[in-house]
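Only one structure is covered here, and it is reproduced in the block below.
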Amino acid sequence: KDKREAMMSELDLLNLARSATQNEVNWFAQLITINFAMIVAIYYFLNQAKIALRIFAFIAYIIGSLIFLGEILIESNIKTYTLIALKAVSKPSLPTQVMIAASESWLGTATAVVFTSSFWVLWIGIFYLLFFWKKSAHVAH
């Protein structure tokens, strides 16, 4: 086939970058849901469980989180290479220029840093709650 037939249009690339962002956000929302479920489980029964159950719960939590992290990283790579392809477009449209500029700005960098560090904050938080946090005496009853 002709190479031109296999290439994506600027609109295709722009839509792909936007859908990758949407997928990243959706996967992250699922990760937040897992974290709230763990917090509820810790509050109501895991804080009283024996260490074996706590370790099993934490391993299951980490496995689930790593699945979402992997999917987010896949989408992130797709978006990164899509933005590289958009930069190569010879007369990019205004929406393409705005998307590239926003992703390269302080906002794009800050979002990437917060997104990446949020996994560590969530994991450390759940680890602390699961293994070190104790209900206060007046809450426990």
Can you name the side-chain contact (heavy atoms from CB on, under 4.5 Å) partners of [X], sequence neighbours left out?
| X | result |
| --- | --- |
| F132 | F127, Y128 |
| S103 | L83 |
| S93 | E10, P95, T96 |
| S9 | L11, D12 |

If I compare all heavy atoms of [X] with all of [Y], which pair ends up nearest, and what's the gap?
| X | Y | result |
| --- | --- | --- |
| T82 | L13 | CG2-O, 3.0 Å |
| M99 | A17 | SD-CB, 3.6 Å |
| L53 | A49 | CD2-CB, 3.6 Å |
| W120 | T116 | CD1-O, 3.8 Å |

Going by the side-chain hydrogen bond (donor to acceptor under 3.5 Å, both in side chains) test, which pairs reach into residues 19-32, not counting sequence neighbours?
->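 For residues 19-32, and leaving out neighbouring residues, the side-chain hydrogen bond (donor to acceptor under 3.5 Å, both in side chains) pairs sorted by first residue read T21-K79, N23-E75.
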
Can you measure from CG (L130) to CD1 (I42) and round to the nearest 0.5 angstrom?
->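 It comes to 4.5 Å.
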
Atom pair CD1/CZ of I124 and F119 - distance to nearest 0.5 Å | 13.5 Å

Is there a continuous path of hydrophobic side-chain contacts, each under 4.5 Å between heavy atoms, that joins [X] to [Y]?
| X | Y | answer |
| --- | --- | --- |
| F36 | F45 | yes |
| F115 | I34 | yes |
| L31 | V121 | no |

Running the 4.5 Å side-chain criterion over Ile, Leu, Val, Met, Phe, Trp and Tyr, what cluster does [X] land in, apart from itself?
| X | answer |
| --- | --- |
| L94 | V98 |
| W106 | L107 |
| Y81 | I84 |

Summary of salt bridge (charged side-chain N to carboxylate O under 4.0 Å, His left out) pairs that have at least one residue in [range], sequence neighbours excluded:
| range | result |
| --- | --- |
| residues 84-103 | K87-E104 |
| residues 112-131 | none |
| residues 45-65 | none |

What pairs of donor and acceptor atoms, side-chain ones from residues 60-74 against any protein atom, are under 3.5 angstrom apart with sequence neighbours left out?
{"from": "Y61", "atom 1": "OH", "to": "N35", "atom 2": "OD1", "distance (Å)": "2.7"}
{"from": "Y61", "atom 1": "OH", "to": "L122", "atom 2": "O", "distance (Å)": "3.4"}
{"from": "S65", "atom 1": "OG", "to": "Y61", "atom 2": "O", "distance (Å)": "3.0"}
{"from": "S65", "atom 1": "OG", "to": "W123", "atom 2": "NE1", "distance (Å)": "3.4"}

Less than 4.5 Å apart, any side-chain heavy atom of F28 and any of S118?
-> yes

Which of parallel (below 30°), tilted (30 to 60°) and perpendicular (above 60°) describes F58 and F131?
-> perpendicular

